[in-house]
Amino acid sequence: MKQFISVNDVPDIDSLVSKALQYKANPFKDKGLGTNKRIGCLFLNPSMRTRLSTQIAASNLGMESIVFNVGSEGWALEFEEEAIMSGNKVEHVKDAAPIFGKYFDVLAIRTFPSLKNREDDYSELYINQFIKYAGIPVVSLESATLHPLQSLTDVITITESFDFEKEKRKPKIVLSWAPHVKPLPQCVANSFSQWINAWDHADFVITHPEDYELSTDFTKGATITHNQDEALKDADFVYVKNWSTYEDYGRIYSNDPEWMLTQKKLEATRNARVMHCLPVRRNVELSDEILDGPNSLITQEAGNRVWAAQAVLSEILRSNG
Ligand code: CP
C-alpha cells in the first residue's frame with residue numbers, strides 16, 4: 001500500500017480486516033517493523049480518537065510518532081498554486097510539505113472541509129497538495145470528503161460482531177441520518193458508504209430526510225429511502241451519523257428530532273447493534289438509552305481504531321521499505 005486516502009488504496013479489504021484483528025489479538029507481534037521509522041501526524045483540525053489511536057498503533061509497531069497541531073500551533077498554510085501571499089497565509093504547502101518529507105517516513109494528515117464551496121472541498125486540494133509535495137507516503141486522518149481509517153474500523157467492528165458462518169446470509173446494514181445542531185461534513189457517511197459498497201458483504205440501506213442525498217460517487221449500489229422506519233426493518237447494524245446537505249452545500253434543512261434513533265425504533269430491527277464514529281451529541285443524535293444500553297457497539301468501535309491504524313501503518317511500512 002503506497003498511501004491510504006480511500007478504499008481505492010486497499011487491494012483486499014478482508015485481508016486488511018484480518019490483519020487488524022490479528023493485531024487486536026497480539027498487538028506487539030510486529031514490534032520491530034517500525035524501528036527507526038517516524039510518523040508525523042499533522043492536525044489542521046481537532047481530534048481525540050484519531051490522534052491517540054494512530055500514536056498507539058505506531059508505538060505498537062515500534063515507530064516514533066510526532067504530533068503537530070498545524071491548525072492551532074503552526075504557520076497558516078496556503079494551498080493554492082500561484083497564490084500571491086499578501087493575506088494572512090504565512091507559508092505555502094509547497095515549501096512546508098517537502099520539509100515534512102525530510103523529517104518523517106510517513107505523513108498522516110487531518111484536513112476538514114470548509115463546507116463553503118463544494119467544488120473546492122471535493123477537489124481534496126489540501127491532502128492532494130501534501131501528497132504532491134511531501135514525497136513520502138500519506139495517510140488520511142480524515143480529509144475533506146472521506147474518513148477511511150474510521151470506515152476500516154467500522155468494517156472490522158461489523159466483521160467481529162456478525163457470525164457470517166452461522167447466519168449464512170449478508171447482514172443488513174443501515175446508515176441512518178441523525179439530527180445535529182451545526183452543519184457537519186459528509187466525510188464519515190461518504191466513506192462508510194464507499195467502504196460498505198466496496199466490501200460487498202452486506203445489504204446496504206441509507207436513510208435520510210429529503211434533500212440530504214449524498215454524492216452518488218459513494219452511495220451507488222445502496223438502497224436509499226426517506227422512510228427511516230422502513231429502512232430499519234430487520235436491520236442487523238444501524239450506523240448513526242449526521243451530515244449537512246450535499247446539493248445545496250453545507251446547510252441544515254432539517255433538525256427533526258424524530259430522526260434520532262431510540263430503543264423503541266430498534267424494535268423493528270433484528271436486535272440491531274448501533275454504531276457511531278464519535279463524538280456524539282447525546283439526546284440530539286442518539287438517545288442516552290441507546291448509548292448506555294446493550295445494543296451499542298460504540299466503545300468497541302472506538303477501541304478498534306487502534307487496530308485499523310496499526311494494520312494500515314504495517315502495510316505502508318512493508319510496501320515502502
Ligand atoms: N471518530 C473520530 O475521528 O474521532 P476524532 O474526531 O476524535 O478523531
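Just so we're clear, the structure is a prediction, and the values are computed from it rather than from any experiment. Just so you know, ligand 1 is whichever comes first in the structure, and atom 1 is the first atom listed for that ligand. Side chains are part of it too, since the values below use all heavy atoms of this structure and drop only hydrogens, waters and symmetry mates.
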Quiz item: Between Lys168 and Glu165, is there a salt bridge with N-O shorter than 4.0 Å?
Solution: no
Quiz prompt | Closest protein heavy atom to atom 7 (O) of ligand 1, given as residue, atom name and distance to 0.1 Å | solution = Met48 N, 2.7 Å
Quiz item: Which atoms of ligand 1 have any heavy atom of Cys277 under 4.0 Å away?
Solution: 1 (N)
Quiz item: Starting from atom 2 (C) of ligand 1, which protein heavy atom do you reach first, and at what distance in Å?
Solution: Arg305 NH1, 3.4 Å
For residues 313-321, dump all side-chain donor-acceptor pairs below 3.5 Å to protein atoms at least two apart in sequence or in another chain.
residue : atom : partner : partner atom : Å
Ser314  : OG   : Lys19   : NZ           : 3.4
Ser314  : OG   : Tyr23   : OH           : 2.9
Ser314  : OG   : Arg318  : NE           : 3.4
Glu315  : OE2  : Lys19   : NZ           : 3.2
Arg318  : NH2  : Asp30   : OD2          : 2.8
Ser319  : OG   : Met1    : N            : 2.4
Ser319  : OG   : Glu315  : O            : 2.9
Asn320  : ND2  : Met1    : O            : 3.2
Asn320  : ND2  : Ile316  : O            : 2.8

Quiz item: Is the shortest N/O to N/O distance between Pro46 and ligand 1 below 3.5 Å?
Solution: no
Quiz item: For atom 3 (O) of ligand 1, which of Gln150, His147, Arg49 has the closest heavy atom?
Solution: His147
Which donor-acceptor pairs under 3.5 Å do side chains of residues 95-108 form with protein atoms, sequence neighbours excluded?
residue : atom : partner : partner atom : Å
Asp105  : OD2  : Arg38   : N            : 2.6

Quiz item: Phe162 pairs by side-chain contact (heavy atoms from CB on, under 4.5 Å) with which of Arg169, Lys170, His201?
Solution: Arg169
Quiz item: At a 4.0 Å threshold, what atoms of ligand 1 neighbour a non-hydrogen atom of Leu278?
Solution: 1 (N), 2 (C), 4 (O)
Quiz item: Is it true that Val155 and Val174 fall in one hydrophobic cluster, defined by side-chain heavy atoms closer than 4.5 Å?
Solution: no
Quiz item: Any chance CD of Glu258 has more than 12 other-residue heavy atoms, nucleotides or ligands included, within less than 6.0 Å?
Solution: no
Practice problem: For atom 6 (O) of ligand 1, grab the closest protein heavy atom and report residue, atom and distance to one decimal in Å. | Solution: Arg110 NH1, 2.9 Å
